Amino acid sequence: MQITLPDGSHRQLPDGATGRDLALDISAGLARAALAVEVTEDGRQPEVRDLDRPLPDGATVAILTFDSEGGKQAFWHSSAHLMAEALEALYPGVQFGIGPAIEGGFYYDVDLSATGKDRLTDEDLPAIEAKMKELARGDSAFERREVSKADAIAYFEEKGDPYKLELIRDLEDGTITFYQQGGFVDLCRGPHIPSTKPIKAVKLTSLAGAYWRGDESRPQLTRIYGVTFPKQKLLDEHLERLELARQRDHRKLGKEMDLFMFSDKVGPGLPIWLPKGAVLRETLADFLKTEQVARGYEPVVTPHIARLDLFRTSGHYPYYADSQFPPMLEDELGPPLPEGEDPESRTHHTPGDPERRERGYLLKPMNCPHHTQIYARRPHSYRDLPVRLAEFGTVYRYEQSGELGGLTRVRGFTQDDAHVFCTPDQVKDEFKAAIDLTMTVLRALNYEDYTAQVSLRDPANTEKYIGEPAQWDAAEQAIREAAAEMGLETVEEEGEAAFYGPKLDFMVKDALGRSWQLGTVQLDYNLPERFDLTYIDENDDRVRPVMIHRAPFGSLERFIGVTIEHTGGDFPLWLAPVQARILPITDAQNEYAQSVAQTLRQSGLRVEVDTRSEKVGRKIREAELDKVPAQIVIGAKEAEAGTASVRRRGAGEDGQTIDTGAFLVEDLARNLKAEVDRGMGRA
RNA sequence: GCCUCCUUAGCUCAGCGGUAGAGCACUUCCAUGGUAAGGAAGGGGUCCCCGGUUCAAGUCCGGGAGGAGGCUCCA
């Protein structure tokens with residue numbers, strides 16, 4: 001038989017040869033490192049398979065080692081099985097859910113209720129790790145076996161594992177495989193590595209509760225997360241990388257750099273912006289406001305609350321009542337309370353009952369309902385459109401307590417929101433313009449590593465969306481076309497749409513690799529309908545406008561949180577809360593330093609003066625740690641000559657130039673100001 | 001909301017039944033030093049909150065609040 005390698009070369013092997021045979025044919029070293037193979041048969045998707053399965057004639061085959069993604073996945077998946085084997089040895093009777101490989105490791109969901117062990121804690125993990133290493137040294141092969149559905153069911157009924165049985169019942173007969181290593185048998189599609197032996201370094205990282213099949217109404221299993229490596233050194237490096245990521249965590253940097261805080265008394269998920277953090281917000285907002293003026297947006301300002309009726313019309317209330325702060329009720333117009341019900345309970349959540357027409361106010365969860373009222377204040381001609389209303393609007397959402405985190409998930413946040421009201425003909429151009437604005441924003445902050453996601457309806461769950469299916473189809477198609485015409489590569493995600501329409505989301509990753517939605521452009525045919533918005537077209541007919549919701553940052557909170565991590569706190573000059581710090585060498589230069597600071601401030605720069613009686617070395621060190629981009633050293637020479645020496649942050653590392661030289665103070669001010677303007681795209 | 005973990009000085013953390021500790025920060029004094037930490041002295045704590053066990057509780061037990069990582073949900 002003939003096998004093609006990824007480089008295009010061919011190998012002749014005897015019929016029935018396996019991946020291992022192929023690896024051996026190439027080199028003994030590769031055979032030792034080989035974990036699995038990736039097989040591509042004519043015209044099919046590549047498939048990762050066990051090393052010891054016979055190869056199909058004529059296929060293209062890549063040998064996978066731990067260096068490849070597929071190799072890692074097989075390695076970690078096998079590690080999950082190894083952990084399961086260890087758990088079964090330590091806790092007989094343990095029942096298993098699913099145990100997949102994930103990005104950066106693996107987990108297994110287990111139910112310990114039948115073992116007498118009521119719960120697992122961190123202290124139990126080292127024993128499990130030790131057992132895994134012991135079993136791994138036993139060098140048991142992962143053996144694949146095809147079984148009939150009946151046999152599979154019989155096995156797990158005998159074993160008493162209801163979760164596996166449920167999984168098997170959903171599978172088709174004839175496609176079921178078991179894998180066994182040592183005494184442990186698991187239902188598994190594979191692939192696996194040949195044996196447990198390469199699993200040398202093991203770290204179980206955390207415990208979490210996870211509902212069976214992600215369903216809150218089903219039992220909660222214990223999820224054990226772990227990661228393994230073929231060498232201890234790789235594990236050490238992995239842990240070191242995690243530690244470095246933690247150094248970039250915006251919660252840590254935000255505290256160190258004095259950007260924002262939380263207070264128990266103010267409340268969870270309600271960030272408080274400190275002076276330096278407020279500068280970030282305002283600078284970003286100014287940057288966007290300037291862009292928006294150039295793009296035909298008009299600013300508006302609306303209140304933080306509105307009558308419940310506004311949100312009844314918009315559909316936010318009562319359907320999303322449990323993710324909103326409880327309404328402020330004035331009185332109740334509905335039927336009397338049922339016998340025995342505490343009237344107090346009615347002053348909080350009263351979701352879901354449209355007959356009970358409470359009167360009151362709601363903290364706004366979105367700005368759009370308010371904006372519809374601005375549009376609706378007078379009749380519009382098609383000649384007026386598009387109308388683009390922009391507001392940095394602060395909204396409040398009652399996120400579940402377990403969901404809150406730093407600045408990326410909060411309960412009160414400010415959207416750089418705008419709503420474009422346009423004719424159906426204008427939708428595509430307006431949508432494209434919003435994409436362009438979002439990309440401009442991301443470019444200004446040097447974001448390159450983002451993905452654009454088309455968020456679509458969940459076809460299996462259409463009742464949670466408002467509006468007509470035909471409109472949804474049209475809207476989803478319009479988004480695809482606009483993105484394609486903007487040259488944007490997109491991925492499509494079902495079930496991620498807003499309840500009122502599909503959207504295009506810009507996703508970026510944080511320091512820990514979690515993906516967050518920042519910018520978003522959303523298409524909405526529904527609110528115009530609900531609020532009966534119209535314009536008069538060329539034929540003097542009343543026609544529905546289309547609404548586009550868009551927020552290039554998404555929210556200032558999340559955007560800044562992610563940007564802190566993206567930059568590691570090293571903000572570009574235009575964004576840095578303190579752009580320059582003057583460092584007099586001795587107290588004798590303090591006065592001159594103040595005059596330099598004054599000159600720079602008059603150019604609009606944010607400047608501090610470090611007048612402490614410390615050595616320059618100390619002042620420079622601390623300016624570096626505070627991530628001040630321009631450090632301006634002033635000694636007797638500068639004071640004499642009317643100049644200032646500039647040291648840029650990061651200088652001195654790797655033998656770089658330490659200072660960029662002495663400038664006349666006026667020139668320095670002009671240079672820095674020009675750099676700021678360039679950064680904001682206003683050169 | 002559920003699971004696991006955490007909460008001690010402004011910050012980072014040690015202490016884990018017997019009168020609260022370190023480094024940094026802060027204050028004062030000395031030193032006036034040219035590109036990443038000069039020296040000395042000093043001040044600073046309801047050990048998250050509420051109960052319980054104990055002669056004695058940051059320390060053990062229960063409950064609560066807040067935070068972290070997951071799960072679920074998501075406008």
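Keep in mind the model is a prediction, meaning the values are calculated, not measured. Here is the naming used below: chain letters follow the sequence lines, and residue numbers restart at 1 for every chain.
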Is the phosphate of rU12(B), meaning OP1 or OP2, less than 4.0 Å from a side-chain N or O of K252(A)? no

Does a side-chain N or O of R558(A) approach OP1 or OP2 of rC74(B) to a distance below 4.0 Å, or not? no

Taking the ring of Y163(A) and the ring of F96(A), is the distance between their centroids below 6.0 Å? no

Base, sugar-phosphate or nothing for [X]? Non-hydrogen atoms, less than 4.0 Å.
| X | result |
| --- | --- |
| G635(A) | base |
| L120(A) | sugar-phosphate |
| L404(A) | sugar-phosphate |

Side chain of [X] only, please: which of [options] is the nearest?
| X | options | answer |
| --- | --- | --- |
| E622(A) | rA25(B), rG70(B), rC71(B) | rA25(B) |
| K255(A) | rC11(B), rA36(B), rG34(B) | rC11(B) |
| E638(A) | rA36(B), rG34(B), rG70(B) | rG34(B) |
| R223(A) | rA36(B), rC71(B), rU35(B) | rC71(B) |
| R647(A) | rG1(B), rC5(B), rA36(B) | rA36(B) |
| S645(A) | rC5(B), rA37(B), rG34(B) | rG34(B) |
| R251(A) | rG66(B), rG1(B), rG69(B) | rG69(B) |
| Y225(A) | rC71(B), rU35(B), rU4(B) | rC71(B) |

NZ or CZ of R411(A) within 45° of Y396(A) ring axis and under 6.0 Å: no

Does the ring of Y317(A) carry R312(A) above it, NZ/CZ under 6.0 angstrom from centre and within 45° of its axis? no

Whole-Å C1' distance, rC50(B) and rA57(B): 15 Å

In the structure I gave you, are the side-chain heavy atoms of K364(A) and T302(A) within less than 4.5 Å of one another anywhere? yes

Using a 4.5 Å cut-off on heavy atoms from C-beta on, say whether the side chain of S314(A) contacts that of R530(A). no

Pick the closest RNA chain B nucleotide for G405(A) and for E614(A) by heavy atoms, then say which residue is nearer the 5' end. E614(A)

Quick check on RNA chain B: between P365(A) and P268(A), whose nearest nucleotide comes earlier from the 5' end? P268(A)

Do [X] side-chain and [N] base share a donor-acceptor contact under 3.5 Å?
| X | N | answer |
| --- | --- | --- |
| Y211(A) | rG1(B) | yes |
| D587(A) | rU32(B) | yes |
| R618(A) | rA37(B) | no |
| Q220(A) | rC3(B) | no |

Anti or syn - rG58(B), cut at 90° from 0: syn

Indicate yes or no: does K276(A) engage D258(A) in a salt bridge with an N to O separation below 4.0 Å. no

